[in-house]
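Okay, so here's the structure we're looking at.
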Amino acid sequence: MELKVSGLEVQYGNRIILQDIHMEVNKGEIVSLIGPNGSGKSTLVKTVSRLVKPLKGEISYSGRSISSIPTRELAKIIAVLPQEKRLNVDLTVEQLVSYGRHPHLGFGKRYGKGDKDIVMEALSLTGMEEHREKSMYSLSGGERQRAWISMALAQQPSFLILDEPTTYLDISYQMEVLDLVEELNKRLGITVLMVLHDLNHACRYSHKVYVLKEGSVHGSGPPGDVIDRRMLKEVFGIDARIYEDEVNNCRFFIPGRRAKEGA
């Protein structure tokens, strides 16, 4: 097991955002967090990334408490891409990706040929090699997201956390980014935890999903076992038709209408 969360509780002010969260992510899995807006998905990934301090509970990576892992060492294990990514200065793609080497540049160590090779490999893995000299500001949304993923890969992590990686992208770029995540998982064995809004994408690309509702885990397991008409009604308040996609070996749904309360 790579990540284990036990009895997690997070509070902002007087408001409990997450309560009694239990979650397990095994090595090599793609796990997605799904749920309505405000259900605590982003707070959960921020907490397991050590960006938010929990009120209660335990978080461990490979059997080690997250609080005991030095920051530089943690950055070599886990790469985190938040939903909002901002650049204060104009950078080329290669310059951005080179920032992924910072955790590996200890005291007195300079960026060298070995680091350059790793950056170029990261660019190659994401199909961004030919764009390496372009300004980040000149890229399309999908290209920009691939550049950020390249930076994460330059950290050489074993665990990748993505908070809504398809936000602001049209359907073509959404598929492009998620296909890339799936390829990296299969090719490099990187474990992935991501927040997704599109439940059909969660069904298509995840080994396991956790459904959050009002700060608690409503259900978890393989997408085909969890995403059904009952869950969609209880969590999202919609009636839907469920279909089996035999080509991709997954389920997908088409929403019908808002479910009537008490129905």
Side-chain angles (χ1 to χ4, degrees), residues 2-3 27-30 45-46 48-51 61-62 69-169 172-195 205:
E2 198 151 5
L3 167 68
K27 186 175 179 60
E29 285 185 327
I30 297 178
V45 295
K46 288 176 182 176
V48 300
S49 305
R50 213 165 67 180
L51 298 175
Y61 286 101
S62 299
I69 304 175
T71 300
R72 185 179 292 274
E73 182 182 349
L74 189 66
K76 296 177 184 178
I77 301 170
I78 305 164
V80 183
L81 287 183
Q83 181 182 352
E84 296 290 341
K85 299 174 283 294
R86 298 178 182 176
L87 289 174
N88 295 322
V89 295
D90 190 14
L91 298 174
T92 67
V93 171
E94 184 175 348
Q95 286 173 327
L96 175 76
V97 178
S98 70
Y99 284 1
R101 297 304 301 154
H102 283 191
H104 298 269
L105 302 179
F107 180 76
K109 184 179 179 183
R110 294 185 177 183
Y111 182 87
K113 183 180 181 304
D115 299 297
K116 170 88 169 181
D117 291 343
I118 291 168
V119 166
M120 294 305 296
E121 181 182 4
L123 289 166
S124 177
L125 285 167
T126 58
M128 290 297 290
E129 208 167 13
E130 64 184 64
H131 301 290
R132 66 188 181 89
E133 296 181 356
K134 291 183 179 179
S135 162
M136 285 292 294
Y137 292 152
S138 72
L139 303 180
S140 68
E143 290 168 343
R144 196 174 297 118
Q145 189 68 298
R146 283 192 283 140
W148 285 105
I149 293 174
S150 300
M151 185 189 74
L153 292 178
Q155 289 180 225
Q156 295 182 299
S158 60
F159 202 107
L160 181 60
I161 296 178
L162 305 169
D163 190 358
E164 299 188 28
T166 58
T167 297
Y168 308 128
L169 301 180
S172 176
Y173 285 133
Q174 290 177 27
M175 300 297 291
E176 177 183 285
V177 167
L178 292 174
D179 282 345
L180 172 60
V181 171
E182 183 179 56
E183 179 184 351
L184 294 172
N185 169 258
K186 291 178 178 178
R187 184 171 175 178
L188 303 179
I190 292 178
T191 306
V192 179
L193 175 65
M194 59 182 172
V195 174
Y205 291 96

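Quantities reported herein were computed from a predicted structural model and do not represent experimental measurements.
- You'll find the side chain of Met120 reaches within 4.5 Å of the side chain of Leu123, heavy atoms only.
- Distance check, rounded to the nearest 0.5 Å: NE2 of His131 to OG of Ser150 gives 10.0 Å.
- For Arg101 against Gln155, the heavy-atom pair with the smallest separation is NH1-C, 4.4 Å.
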Please test Val89 against Leu91 for side-chain contact (heavy atoms from CB on, under 4.5 Å), starting from the C-alpha separation and ending with a verdict.
CA-CA 6 Å; Val89 295; Leu91 298 174; 3.9 Å; yes

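- Taking all atoms of both residues into account, the shortest heavy-atom contact from Ala122 to Ala154 is CB-N, 4.0 Å.
- At least one donor-acceptor pair closer than 3.5 Å links the side chain of Ser49 to the backbone N or O of Val45.
- By the neighbour-count criterion of 12 heavy atoms within 6.0 Å, atom OH of Tyr99 is sparsely surrounded, having that number or fewer from other residues, nucleotides or ligands.
- Atom NZ of Lys186 has 12 or fewer heavy atoms from other residues, nucleotides or ligands within 6.0 Å.
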Working note: Tyr205 + Met175, criterion side-chain contact (heavy atoms from CB on, under 4.5 Å); need CA distance, chi angles, decisive distance, verdict.
CA-CA 10 Å; Tyr205 291 96; Met175 300 297 291; 3.3 Å; yes

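- In this structure, Ala152 and Leu160 approach most closely via the heavy-atom pair CB-CD1, 3.8 Å.
- Salt bridge present: Glu94 and Lys116 bring a charged side-chain N and a carboxylate O closer than 4.0 Å.
- Summarising the local packing, CD of Glu133 is surrounded by 12 or fewer heavy atoms from other residues, nucleotides or ligands at distances under 6.0 Å.
- With contacts defined as side-chain heavy-atom distances shorter than 4.5 Å, the pair Lys46/Val80 does not qualify.
- With rounding to the nearest 0.5 angstrom, the CD atom of Glu143 is 5.5 Å from the CE atom of Met128.
- Side-chain N or O atoms of Asp115 include one that pairs as donor or acceptor with a backbone N or O of Gly112 at under 3.5 Å.
- Nearest approach of Leu169 to Gly141, heavy atoms of both residues: CD2-C, 3.4 Å.
- You'll find the side chain of Met194 reaches within 4.5 Å of the side chain of Leu178, heavy atoms only.
- A side-chain donor-acceptor contact under 3.5 Å links Arg72 to the backbone of Pro103.
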Could you give me the CA-CA distance, side-chain angles and deciding distance for Leu180 and Arg146, then say whether side-chain contact (heavy atoms from CB on, under 4.5 Å) is met?
CA-CA 8 Å; Leu180 172 60; Arg146 283 192 283 140; 3.7 Å; yes

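- In terms of modelled atom types and a separation under 3.5 Å, the side chain of Asn185 and the main chain of Gly28 share a donor-acceptor contact.
- The two atoms that bring Tyr173 and Ser140 nearest to each other are OH-OG, 3.3 Å, heavy atoms only.
- Between Gln145 and Thr166, the closest heavy-atom pair is NE2-N, 4.4 Å.
- In terms of modelled atom types and a separation under 3.5 Å, the side chain of Ser158 and the main chain of Ile190 share no donor-acceptor contact.
- With hydrogens and angles left out, the side-chain atoms of Glu29 and Thr191 include no donor and acceptor closer than 3.5 Å.
- Here the NZ-CZ distance, from Lys134 to Arg144, works out to 12.0 Å after rounding to the nearest 0.5 Å.
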Ile78 vs Ile161, side-chain contact (heavy atoms from CB on, under 4.5 Å): CA-CA, chis, key distance, verdict:
CA-CA 7 Å; Ile78 305 164; Ile161 296 178; 3.8 Å; yes

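- In this structure, Thr126 OG1 and Met151 CE are separated by 12.0 Å, a value rounded to the nearest 0.5 Å.
- Of the inter-residue distances, the one linking Leu96 atom CG with Trp148 atom CH2 reads 5.0 Å to the nearest 0.5 angstrom.
- Formation of a donor-acceptor pair under 3.5 Å by the Arg50 side chain with backbone atoms of Leu74 is not found in this model.
- Side-chain contact between Tyr111 and Val119: present, with at least one pair of heavy atoms (C-beta onward) separated by less than 4.5 Å.
- To the nearest 0.5 Å, atoms OG1 (Thr92) and CZ (Arg132) are separated by 9.0 Å.
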